[in-house]
Amino acid sequence: MRFKKKNTGGDKQKALSDLGPDRQGVIVAHHGVAVDILFESGEREIIRVKRKSGHVVGDNVVVRGEVLKRSPRRTELCRRDSRGSIRIVGANLDVLGIVVSSLPVPAPGYIDQAIVAARQAGLTPVLVINKCDLEDSETFISELVETYTDIVEFFVLSALTKEGLGELELFLGQGYRSFFVGTTGVGKSSLLNAICPALDLRVGELYEAGKRGCNTTTVSTLHSLPRGGELVDTPGFNEFGLVNFSVEDLAEYFPGFEQAMEESCRFRNCRHRTEPDCAVSERVATGSISEERYESYLDILDQIEAGESRFRNRR
Ligand SMILES: Nc1nc2c(ncn2[C@@H]2O[C@H](COP(=O)(O)OP(=O)(O)OP(=O)(O)O)[C@@H](O)[C@H]2O)c(=O)[nH]1
Ligand SMILES: [Mg+2]
């Protein structure tokens, strides 16, 4: 007769100690079934994970042997992709750098949705206007500066000529963990290369008007910057679908509505469309909120309401 050996507490203890000590690290890249981890010791290691492990770049982890445990997240940035699926795109971030250029131009509403998503997630949004060296970029830049002055901090610069890059580096160097988003081809990887030439990230071909972007970067990667701070380069995505968003949230975080939100509307659940005694409509009437801001708000409101009605119909 064979007796199965009882697994005593001592055996378990020994098995655990054979795996070595706990090692703290941060995920600096996610490759589907493996994550690239930078440990506090400065070592880097690729560890296998399940395909849908839910880990993202920026996650703090504790690793023992091949077992990886994720620590609770301080912040979490999410977006809804073109198929309607929710994606967590980064964890433990402080700043969302919304990178735009006059070629390719951002899709309508892109900047506003990214600002709203950042604010909802507890991140500080900043606008990074790249390719200021391009001829014909002046009107594009001045319109953005006019719209977003006093709303978000912005940087006008060129990864190519390095003009204006120092201000961005100083800002990022305050110790933030920042995350670049922007349409493919706006120059996110080029900016990182300009700040940190040793990285030598792959950049796309020269962007031509009318040509569709080609997503040169395919994986988000986290990098430490020479003048301080950390920055995540990401694959470009063309829309920033909002996730779990109520109409009230939208007005609360919408760029340009900040002062109106300090006042109150007659109705607590005001959608700021046609309701009487609405603080937003009154400011639109007096010109302190521009028609352009208001129309952008209504466009995003339409999308949220369409999502709400799809959800109701499904139920
Ligand atoms: N003129 C000019 N071209 C730039 C500048 N920055 C980037 N580019 C060019 O824009 C193209 C795209 O640059 P990338 O850095 O690959 O763009 P990306 O945003 O990382 O693109 P994805 O990885 O596809 O999301 C390349 O041909 C760059 O040389 C700039 O400041 N001025
Ligand atoms: Mg890139």
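In listed order, ligands and their atoms are each counted from 1.
- For ligand 1, none of its N or O atoms has an N or O atom of Val203 under 3.5 Å away.
- Listed by chain and number, the protein atoms of type N/O/S under 2.8 Å from the Mg ion (ligand 2) are Ser189 OG, Thr217 OG1; waters are omitted.
- Nearest to atom 22 (P) of ligand 1 by heavy-atom distance, out of Leu192, Thr184, Asp233, Val186, is Thr184.
- The residue from Val181, Asn130, Asn238, Leu160 that puts a heavy atom closest to atom 6 (N) of ligand 1 is Asn130.
- Checked against a 6.0 Å centroid threshold, the rings of Phe154 and Tyr148 do not count as neighbours.
- Residue Met261 is grouped with residue Ile300 when hydrophobic side chains (ILVMFWY) are merged at heavy-atom distances under 4.5 angstrom, including chains of intermediate members.
- The shortest N or O to N or O distance between Ser189 and ligand 1 is under 3.5 Å.
- For ligand 1, the polar-atom distance check finds no N/O of Pro235 at less than 3.5 Å from any of the ligand's N/O atoms.
- When each atom of ligand 1 is checked for a heavy atom of Asp133 under 4.0 Å away, the hits are 1 (N), 2 (C), 30 (C), 31 (O), 32 (N).
- Residue Val61 forms a side chain to side chain contact (heavy atoms under 4.5 Å, CB included) with just one option from Ile47, Val35, Ile27, and that option is Ile27.
- Taking 4.0 Å as the cut-off, Gly185 counts as a neighbour of ligand 1 on heavy-atom distance.
- Residue contacts with ligand 1, taken as heavy atom pairs separated by less than 4.0 Å, do not involve Leu157 at all.
- Two residues are said to be in side-chain contact when any heavy atoms from C-beta on lie closer than 4.5 Å; Phe179 and Val89 meet this criterion.
- Within ligand 1, counting atoms from 1 as listed, the ones closer than 4.0 Å to a heavy atom of Gly236 are 25 (O).
- Note: no N/O pair closer than 3.5 Å links Leu134 and ligand 1 by distance alone.
- Using a 4.0 Å cut-off between a side-chain N of Lys or Arg and a carboxylate O of Asp or Glu, Arg119 and Asp249 do not qualify as a salt bridge.
- Residue Leu127 forms a side chain to side chain contact (heavy atoms under 4.5 Å, CB included) with just one option from Ile151, Val99, Ile98, and that option is Ile98.
- Per-residue contacts place Asn215 under 4.0 angstrom from the following atoms of ligand 1 (heavy atoms of the residue considered): 24 (O).
- The residues Asp94 and Arg177 are annotated as not salt-bridged, no charged nitrogen and carboxylate oxygen being separated by less than 4.0 angstrom.
- Environment of CG in Asp136: sparse, with no more than 12 heavy atoms of neighbouring residues, nucleotides or ligands closer than 6.0 Å.
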